[in-house]
**Student:** 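For reference, the structure I am asking about is given below.
As the structure is a computational prediction, the values presented were derived from the model and not from experiment. Letters A, B, ... mirror the listed sequences (proteins, then strands); counts begin at 1.
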There are 2 protein chains.
Amino acid sequence: MTKMVLLIEDDPQMRRLICDYLTEFGYDVEAFEDPKEALSRFCRTPRVFDVVILDLMLPHMDGFDVCRKIKERHDVPIIISSARGDIGNKIHGFELGVDDYLAKPYEPRELILRIEAVLRRQGRSEKFQVGDLTIDPANREVTVEDFTVSLTPIEMDLLLYLLQKRGHAVSREQLIQAASLPPDTRNRTIDMHISNLRHKIGDDPKNPKYIRSQWGIGYKFIG
Amino acid sequence: MTKMVLLIEDDPQMRRLICDYLTEFGYDVEAFEDPKEALSRFCRTPRVFDVVILDLMLPHMDGFDVCRKIKERHDVPIIISSARGDIGNKIHGFELGVDDYLAKPYEPRELILRIEAVLRRQGRSEKFQVGDLTIDPANREVTVEDFTVSLTPIEMDLLLYLLQKRGHAVSREQLIQAASLPPDTRNRTIDMHISNLRHKIGDDPKNPKYIRSQWGIGYKFIG
DNA sequence: AGAGTTCTTGAATTTTTCTTGACAATTTTC
DNA sequence: GAAAATTGTCAAGAAAAATTCAAGAACTCT
C-alpha cells in the first residue's frame, strides 16, 4: 500500500529535492508552495494522506495555523520542517499535535526515517492485507475487496488470533481463550463462529482461501 | 453571542481594571480572588466560559494546579497573566495546555487582542458538508438540507468528535471525554445523546446515513 | 423565582449476537 | 465398506447490546 504525503514548502529547490527523494522511496507526493492551496486540497479528501510535511516559514500564513487547520479536519501525523532558529516554537507545536521536528538543513534520508517512525507510531503500517482481505486490527475493521464487512467482536478476535498464528493449526481450546470466552464453552460454538466468519469473508470450507479445517486438530489460517 | 471570561486575579486593583476594561469591550466577566472559589464556580458550569485568564501568583494554591484542574474539567482556552519573572515557567505551562502568556505589566488593549486571537484560533473556521449536512464548527451550527437544526452543546461536541474521527469507530468512553462529561457518566447517557442527535439530523439507526452503531464497540461516523 | 431547555438514568423494548442441540456431510479407522 | 469420530450448518432460544421512553434533576434565561 503506497503512502501519500502532503508536502507544503515554499522554497522551490527544497520542494523539488524532497519530492524526488520521497518518490524514489515509493511515496506518492503532492507538493504545494501556497499553504492555502494545500489546505484546500487537503480538505477535499483529508483521509487519503498518511503524513503531512510542513515548512514553518510560509508566505501568507502562519505555519501553526496551517497545522491547526489540518488537525481539526483530520488527525493525520504532521512533521515540521523548520529553520534551526525556530526551536523555541517546538513547545507550541507539540501542543498542536505535531509529531516530529526536523531542523533544516537535514539529510533527505533522515526525513524518510522520521516518516517511517511516525507511521509506525501511528499504527498505520499495521494495517495488512491477505488475499482480498484488508485487516486493520487497531480499528477492528476488515474489508473484502474494499467492501467493509462488519464482524462481531468474537469473530474479529478469532480472525486476529488465526492470523497471528498464520500457517499453524490452532485448537478450539486456544480459540476459546483467544476470544475470552468462558472455558466451558462447547467446541460447536467455535465451529459456528468460524462458519459465520467464513461466510462473511467469502470463504468456502471445502475449498478455503483463508481458513482451513485441520481434521481432529482445529483450524488454521493458510499461510 | 457575548463571550464569558473567568478571571482569577488576587490583586484587587488589577482585577478591577481588567474587569472594567473587558466589560467595556462587551465581554461578560466573572472575577475571583480566591482560586478555590473560582474553581468551584467553574466546575459548576464549565462550558459557559469561553476563556480563562489566570494570574500565576495566587494565594493558597499553585497557578499550574488551577490550570490543570480547569483543563481536566473542560478544555477551555487559558491565558496566563504572570509577573515578568515567571517566564521560566512558560514551558511548564505550555505542557499543561496554556494558550497564551502576558507578562505584567501590560496594556489592557493587549489583553483584548490576545483573547481575540485565542478565540479565533479556537474557532475552526472552515465550514464543511457531509451528505445533506452543513457543519460550521466555529459557530457551532448545523443545517440539514439548508434548514438550521439547533443542537445542544453536548450533541455538537459529539458530532464534531465523530466527524473528526470519521470512518473510525469510537468508544463511548472516548465520547464522554470528548464532550467533557464527568468520567463516571453512564454509557446510556451517550446512547441517549446519540439518539437525540440522530433524530435531529434525520438519521435512522437501522439504516444510517451518518452515524452507525458498531456493535460491542461504539459509534462511527460513516466515512 | 419560574418557565423552558437540556441532561441523566432506570427500565421497557427492540435488535443483534451468542450458544447449543440436532442432523447431515465428511473423514478416519478398522 | 461399515462404524466411529469430526466437521458444517440450521434453527431456536438465551444473552447481550442498542434504542427509546419517561421522569426527575440540573441548568439557563428572563
**Student:** Is Ser213(B) close enough to dA17(D) that one of its side-chain N or O atoms is under 4.0 Å from OP1 or OP2 there?
**Tutor:** no

**Student:** From the 5' end of DNA chain C to its 3' end, which nucleotides mark the outer limits of contact with chain A, defined by a 4.0 Å heavy-atom distance cut-off (strictly under)?
**Tutor:**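 Extent of the interface on DNA chain C: dT17(C) to dT28(C).
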
**Student:** Are any side-chain N or O atoms of Asp203(B) and backbone N or O atoms of Ile211(B), one a donor and one an acceptor, separated by less than 3.5 Å?
**Tutor:** yes

**Student:** Looking at Tyr219(B), does any N or O in its side chain come under 4.0 Å of the phosphate oxygens OP1/OP2 on dA17(D)?
**Tutor:**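 Indeed not, no polar side-chain atom of Tyr219(B) lies that close.
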
**Student:** Using a strict threshold of under 4.0 Å (side-chain N to carboxylate O), is an ion pair present between Asp34(B) and Arg41(B)?
**Tutor:** no

**Student:** Tell me which of Gly218(A) and Cys43(B) sits closer to the 5' end of DNA chain D, going by the nucleotide each one is nearest to.
**Tutor:** Gly218(A)

**Student:** Answer yes or no: is there an ion pair linking Asp191(A) with Arg172(A), defined by an N-O contact shorter than 4.0 Å?
**Tutor:** yes

**Student:** Determine, for Asp136(A) against Arg140(A), whether the closest basic-nitrogen to carboxylate-oxygen distance falls under 4.0 angstrom.
**Tutor:** no

**Student:** Determine whether Ile53(A) and Ile8(A) make a side-chain contact, defined as any pair of heavy atoms from C-beta on separated by less than 4.5 Å.
**Tutor:** no

**Student:** Expressed in angstrom and rounded to an integer, what is the separation of Arg212(A) atom CZ from dT7(D) atom P?
**Tutor:** 15 Å

**Student:** Do Lys3(A) and Asp28(A) come close enough that some side-chain heavy atom pair is under 4.5 Å?
**Tutor:** no

**Student:** What residues from residues 180-195 of chain A pass a heavy-atom cutoff of under 4.0 Å to DNA chain C?
**Tutor:** Leu181(A), Thr185(A), Arg186(A), Arg188(A), Thr189(A), Met192(A), His193(A)

**Student:** Base, sugar-phosphate, or nothing for Ile217(A), non-hydrogen atoms under 4.0 angstrom?
**Tutor:**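 If one applies the 4.0 Å heavy-atom cut-off, Ile217(A) turns out to touch the sugar-phosphate alone, with no base involved.
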
**Student:** Categorize Arg198(B) for me: base, sugar-phosphate, or nothing, with a 4.0 angstrom heavy-atom threshold over every strand shown.
**Tutor:**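 Since only primed, P, OP1 and OP2 atoms lie under 4.0 Å of Arg198(B), the category is sugar-phosphate.
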
**Student:** Check whether any side-chain N or O of Gln177(A) sits under 3.5 Å from a backbone N or O of Gln174(A) as a donor-acceptor pair, and report yes or no.
**Tutor:** no

**Student:** Any carboxylate oxygen within less than 4.0 angstrom of a Lys/Arg side-chain nitrogen, looking at Glu141(A) and Lys220(B)?
**Tutor:** yes

**Student:** Rounded to the nearest 0.5 Å, how far apart are CG of Leu197(A) and OH of Tyr210(A)?
**Tutor:**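 If we round to the nearest 0.5 Å, Leu197(A):CG and Tyr210(A):OH are 11.0 Å apart.
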
**Student:** Measure CD/Gln214(A) against C1'/dA5(D) and give the value in whole Å, please.
**Tutor:** 16 Å

**Student:** Write down the distance between NZ (Lys206(B)) and C1' (dA17(D)), rounded to a whole number of angstrom.
**Tutor:** 15 Å

**Student:** Is the backbone of Ser150(A) close enough, under 3.5 Å, to the side chain of Lys200(A) for a donor and an acceptor to pair up by distance?
**Tutor:**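 Here the side-chain-to-backbone pair exists.
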
**Student:** Distance-only, no hydrogens or angles: does the Thr23(B) side chain make a donor-acceptor pair with backbone N or O of Cys19(B) under 3.5 Å?
**Tutor:** yes

**Student:** On DNA chain C, compare the nucleotides closest to Asn196(A) and Lys200(B); which residue's is nearer the 5' end?
**Tutor:** Lys200(B)

**Student:** Got a sec? Which of residues 165-173 of chain A come in under 4.0 Å of DNA chain D, heavy atoms?
**Tutor:**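 Nucleic-acid contacts, sorted: Arg172(A).
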
